[in-house]
Amino acid sequence: MCGIVGYIGKRDVAPLLLEGLQRLEYRGYDSAGLVITGKPAAGKPAALKMVKAKGRVRELEARVPKRFSGTTGIAHTRWATHGAPSDENAHPHMDPEGKVALVHNGIIDNASELRRKLEADGVAFQSETDTEVVTHLVARSQAPTLEEKVRQALQLIEGTYGIAVLHADFPDRIVVARNGSPVVLGIGEKEMFVASDVAALVSHTRQVVTLDDGEMATLKADDFRTYTTEGSRTSATPTTVEWEAESYDMGGHETYMHKEISEQVDSVDRVLRGRIDDRFSTVHLGGLNLDAREARGVRRIKILGCGTSYHAGLIGAQLIEELARIPADAEPASEFRYRNPVVDPDTLYVAVSQSGETYDVLAAVQELKRKGARVLGVVNVVGSAIARETDGGVYVHAGPEVCVVSTKCFTNTVVSFALLALHLG
Ligand code: GLU
């Protein structure tokens, strides 16, 4: 899953999109592309203009023509799942008429079946991607509004997606949707942003709305609204991102890894601050939502995470057994969610994730909630999907972790488990 950036407002959009893509480069990708709604010539409808390139964002930048003005656009960095990295497979994907342009993070599970049907209907595909089927489905919809066209397309697809869509006949808006792949709206003054990661937004606005799974949004320059894929309105009050734009910069270090290792003294200080109670030798965790009676009823603790978070969870389980004397273990969330686990009412489940968006962890949380379990989160990104879906939890307060290798967030997660263990003890 890679990066999405979009903008609608008054400013020249191409430089904004390229800057946003650069801020997402840390996630790794194999190609990039962008599309803008060009200024309509007199008497003519708006036309979409697209540039794509295999390779780095700077190669894309080199291909953007000198005259490329517009104030609405969407962009993407791709990490190929269907089809090799190439110019053709890079996103956005457009329909043959050039009306619809779409970028997508995630995987469409029933893409080959839909592709066969569309090809039998005479649709000529330009790429090998799963994403292109969604573009054609939107373009072929006869619905009167862009929102309805996207909704009809989404009803036919199975899989995970964060998508952003432009349509030449609806040049005043960007329509976005989320299912299992993050989409964050950035709310500005007479301008709106969208991205798959706040890193791409924070230099412009810190007012954000994070979409839930099954949610869509329409962004116009001076307005936005959110609704479910079934069409009912949802309330979306913007929250303020606590991290400064500068915390995403390298700050004089040669690599993000070096920067983040050296930040650990401060980040550990932050996770402890205001939580230690020396007088009673315990800790206070504001957002845990687990009172003393409930805590005493916990017979077992099951920690779920992926990768580094799972490894922090292994240490967490040992800390909990040692300090709270409650049997505890950690399991990779990707295994747990596929093995039809017994969900026990006396077990406390703890979901661990830096981003708060790790798909297998989120899916495990959703499954546990469906089965009536109590689930806490140990999460770094405030307001992320896992933070919202859990009953309470501990924020790790490591600050933004840009390096793919986790350092300060691993340390802070382990410290968070020490706090949780002390609290339960
Ligand atoms: N599945 C899509 C593709 O292969 C999107 C991959 C991504 O999330 O970057 O093009």
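No hydrogens, no waters, no symmetry mates; every other heavy atom, side chains included, goes into these values. None of the values given here were measured: they were computed from a predicted structure. Atoms within each ligand, like the ligands themselves, are counted from 1 in listed order.
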Asks: Using a 4.0 Å cutoff against the non-hydrogen atoms of H76, which atoms of ligand 1 qualify?
Replies: 9 (O)
Asks: Using a strict 4.0 Å threshold on nitrogen-to-oxygen distance, state whether D87 and R63 make a salt bridge.
Replies: yes
Asks: Of N179, T210, T234, T229, which meets side-chain hydrogen bond (donor to acceptor under 3.5 Å, both in side chains) against E215?
Replies: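 Option passing the side-chain hydrogen bond (donor to acceptor under 3.5 Å, both in side chains) with E215: T234.
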Asks: For ligand 1, indicate whether the residue N105 contacts it via side chain, backbone, both or neither (heavy-atom separation under 4.0 Å).
Replies: both
Asks: For atom 1 (N) of ligand 1, which of the options T81, I108, I4 provides the nearest non-hydrogen atom?
Replies: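 Selected option, by shortest heavy-atom distance: T81.
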Asks: Does ligand 1 come near enough to T129 that some N or O of the ligand is less than 3.5 Å from an N or O of the residue?
Replies: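 T129 vs ligand 1: no N/O contact under 3.5 Å.
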Asks: Is N89 close to ligand 1, meaning an N/O of one under 3.5 Å from an N/O of the other?
Replies: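 N/O-N/O distance below 3.5 Å does not exist for this pair.
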Asks: Drop me the distance from Q264's CD to D269's CG, to the nearest 0.5 angstrom.
Replies: 13.0 Å
Asks: Is the gap between the ring centers of H136 and F125 under 6.0 Å?
Replies: yes
Asks: Taking only heavy atoms of W79 into account, list the atoms of ligand 1 that are under 4.0 Å away from them.
Replies: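 Those atoms are 6 (C), 7 (C), 9 (O).
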Asks: Between H104 and Y161, does the ring centroid distance fall short of 6.0 Å?
Replies: no
Asks: Under 3.5 Å between some N or O of ligand 1 and some N or O of G106?
Replies: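 Among all N and O atoms of G106, at least one is under 3.5 Å from an N or O of ligand 1.
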Asks: Using a strict threshold of under 4.0 Å (side-chain N to carboxylate O), is an ion pair present between R11 and E191?
Replies: yes
Asks: Against heavy atoms of C2, which atoms of ligand 1 measure under 4.0 Å?
Replies: 7 (C), 8 (O), 9 (O)
